[in-house]
Amino acid sequence: MTISPAVVAWYRANKRDLPWRHEGFPAWGTLVSEFMLQQTPVVRVIPRLAEWLERWPTPADLASSPPSDAVRAWDRLGYPRRALNLHACAVAITDEHDGVVPSDVPTLLSLPGIGDYTARAIAVFAYGVRVPVVDTNVRRVLARAVEGRALPGPPNAKHDLPLMESQLPDDLSDAHDTNAGVMELGALVCVARNPRCDVCPLVDQCAWVLAGRPEHDGPPPRTQKKYEGSDRQVRGLILAELRASDVGVTAAELEAVWPEPVQRARALAGLLRDGLVTGGPVDGYQLPG
DNA sequence: GAGACGTGGGT
DNA sequence: TACCCAAGTCT
C-alpha cells in the first residue's frame, strides 16, 4: 500500500499558495511559521507571521529584543509561552549556532519549544531533508488510508514515525512533497469531521473507504476542557491586561480582571512560574524583559 | 504519560 | 447555543 504517487500528484496540482512555500522563503521564516502553527489555524498565522518577519528578519534580530516585545507581537495567537520559547530559540540559535537555523533533527530538538513535529518540519520544509513529518493531519490520513481506521490512536512516535517513513519515496523532492502532501490532504480533504472523500485522490485505494468506512473503535479521543471559567481563561485575561500596559499593572488592577481571589492567584502563580510575568504584589506585575 | 496550556472560527 | 477542532510541547 503506497499512497505517495497519488498524494504527490494531487499536492502539486492543488497545494495552497502559502507564504512559507514561496521560493527563497528563509529557514528562519519556516521556523517562525511552525511555532505559530502549533495548534493555531493557518488563516490566523499568516498576517502575524508577515509582521513578525518584517520586524525580526533574522534570529539575531529577535534575540536582541526583550521577550516582552515577542509576547506583545504574538498578540492573540494563543498559547503565549510559544512566544517566549521562540524568543529563547532565537537566542540559542544566535549564541550557539552562529545565527543559522540548524538543519538536522537532533540539533533542532535540543532547542526550546521544538519537539518531534517541529524539528522534522523544519528539517524537511526548510532544508529538504528526507525524514518523516507527522502531525495530527498525517496521523489521521495514515489511520484512514493505510490502516483502515476512522481516527488515529493517541500520538505514538514509535508507531507513527515508522508508518510515515514507510510511505516516503527515495527521491528527495518526492519525499518532500509526500510529507507536505499528506499534511495538506489532511488539512483540506481528509478532515476530522465530514471528510470530503468525493474529491480525495486516495478514494479508490483508501483502506477505510474500502472497508466501508467503519466507525471509530479504539479509545475515545481526548476531549478539551471547557474554556469559560477555566484557569486558562484567567491567564489569558491577565496577560491581555499586561500586553496592553507599558508600565505594568498593580495587584489591585488585577482584581478587576478576575475578582475571584483563589483562581486569580493560581493563574498568576502559573504565569510567574512560566516566566510570562515578572514582578510581585508590591511593585506590580509586568511582561518579562 | 495524562493533563495543562489560548483563542477564535466552523457547524 | 454548545461543542468541535486547529502544522504540539512540556512536565
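These figures come from a predicted structure and were not determined experimentally.
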Student: What does A:Ser230 touch in the nucleic acid at a heavy-atom separation under 4.0 angstrom: a base, only the sugar-phosphate, or nothing?
Tutor: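 Since no nucleic acid heavy atom lies under 4.0 Å of A:Ser230, the category is nothing.
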Student: Please tell me if A:Arg235 has a side-chain N or O lying less than 4.0 Å from either OP1 or OP2 of B:dG6.
Tutor: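 Yes.
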Student: Could you tell me the separation between the CG atom of A:Leu276 and the P atom of B:dC5, rounded to a whole number of Å?
Tutor: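 The distance from CG of A:Leu276 to P of B:dC5 comes to 11 Å, rounded to the nearest Å.
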Student: When you compare the side chains of A:Glu253 and A:Tyr285, does any donor N or O come within less than 3.5 Å of an acceptor on the partner?
Tutor: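 There is no such pair (donor and acceptor under 3.5 Å, judged by atom type) between the side chains of A:Glu253 and A:Tyr285.
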Student: Side chains of A:Arg82 and A:Asn85: donor-acceptor distance under 3.5 Å anywhere?
Tutor: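 No, A:Asn85 and A:Arg82 have no side-chain donor paired with an acceptor closer than 3.5 Å.
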Student: Looking for any heavy atom pair under 4.0 Å, which part of the strands does A:Arg273 touch: base, sugar-phosphate only, or nothing?
Tutor: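 Nothing: the residue A:Arg273, judged by heavy atoms under 4.0 Å, touches no strand.
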Student: So, are A:Arg149 and A:Asp217 salt-bridged, with charged N and O less than 4.0 Å apart?
Tutor: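 A:Asp217 and A:Arg149: salt-bridged.
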Student: Can A:Glu184 and A:Arg12 be counted as an ion pair, charged N to O under 4.0 angstrom?
Tutor: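 Here A:Glu184 does not pair with A:Arg12 in a salt bridge, since their nearest N and O are not under 4.0 Å apart.
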Student: For residues A:Asn179 and A:Met164, determine if any side-chain heavy atom of one lies less than 4.5 Å from a side-chain heavy atom of the other.
Tutor: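 Of all side-chain heavy-atom pairs linking A:Met164 with A:Asn179, at least one is under 4.5 Å.
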Student: Donor-acceptor check, side chain of A:Arg130 to backbone of A:Asp171, threshold 3.5 angstrom: yes or no?
Tutor: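 Such a contact is absent between A:Arg130 side chain and A:Asp171 backbone.
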Student: Which of residues 116-125 of chain A sit near DNA chain C, with a heavy atom under 4.0 Å from it?
Tutor: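 Under 4.0 Å from DNA chain C: A:Asp116, A:Tyr117, A:Thr118.
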Student: Let's see if you get this right: which residues in residues 72-79 of chain A place a heavy atom under 4.0 Å from DNA chain B?
Tutor: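 When residues 72-79 of chain A is checked for heavy atoms under 4.0 Å from DNA chain B, the hits, listed by number, are A:Arg76, A:Leu77, A:Gly78, A:Tyr79.
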Student: Can you tell me if A:Arg139 touches the phosphate of C:dG8, counting only side-chain N or O atoms and a distance under 4.0 Å to OP1 or OP2?
Tutor: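 For C:dG8, OP1/OP2 do not have a side-chain N/O of A:Arg139 under 4.0 Å.
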Student: Would one find a side-chain N or O of A:Lys225 under 4.0 angstrom from OP1 or OP2 of B:dA4?
Tutor: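 For B:dA4, OP1/OP2 do have a side-chain N/O of A:Lys225 under 4.0 Å.
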Student: Between C:dA7, C:dC5, B:dG6, which nucleotide has the shortest distance from any of its atoms to the side chain of A:Ala192?
Tutor: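 The answer is C:dC5.
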Student: P atom, C:dT9 versus B:dG8: distance in rounded Å?
Tutor: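 Per the computed distance, 22 Å lies between those P atoms.
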Student: Take atom P in C:dA7 and the same atom in B:dG10, then report the distance between them in whole Å.
Tutor: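 Nearest-Å result for C:dA7 against B:dG10 at atom P: 14 Å.
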Student: Under 4.0 Å, heavy atom to any atom of DNA chain B: which of residues 38-59 of chain A qualify?
Tutor: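 Heavy-atom cutoff 4.0 Å gives A:Gln39, A:Thr40, A:Arg44.
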Student: Return the value, rounded to whole Å, for the distance between atom CG of A:Leu188 and atom P of C:dC5.
Tutor: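 Result: 17 Å.
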Student: Could you check A:Ile46, A:Leu31, A:Leu77 and say which one makes a side chain to side chain contact (heavy atoms under 4.5 Å, CB included) with A:Met36?
Tutor: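 It is A:Leu77, the one option of A:Ile46, A:Leu31, A:Leu77 that forms the side chain to side chain contact (heavy atoms under 4.5 Å, CB included) with A:Met36.
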Student: Please tell me which of A:Arg81 and A:Arg193 maps to the more 5' nucleotide of DNA chain B, matching each residue to the nucleotide holding its nearest heavy atom.
Tutor: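 Its nearest nucleotide being more 5', the pick is A:Arg81.
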Student: Could you check whether the side chain of A:Gln224 and the base of C:dA6 have a donor-acceptor pair of N or O atoms closer than 3.5 Å, going by distance alone?
Tutor: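 Indeed, a donor on one side and an acceptor on the other fall under 3.5 Å apart.
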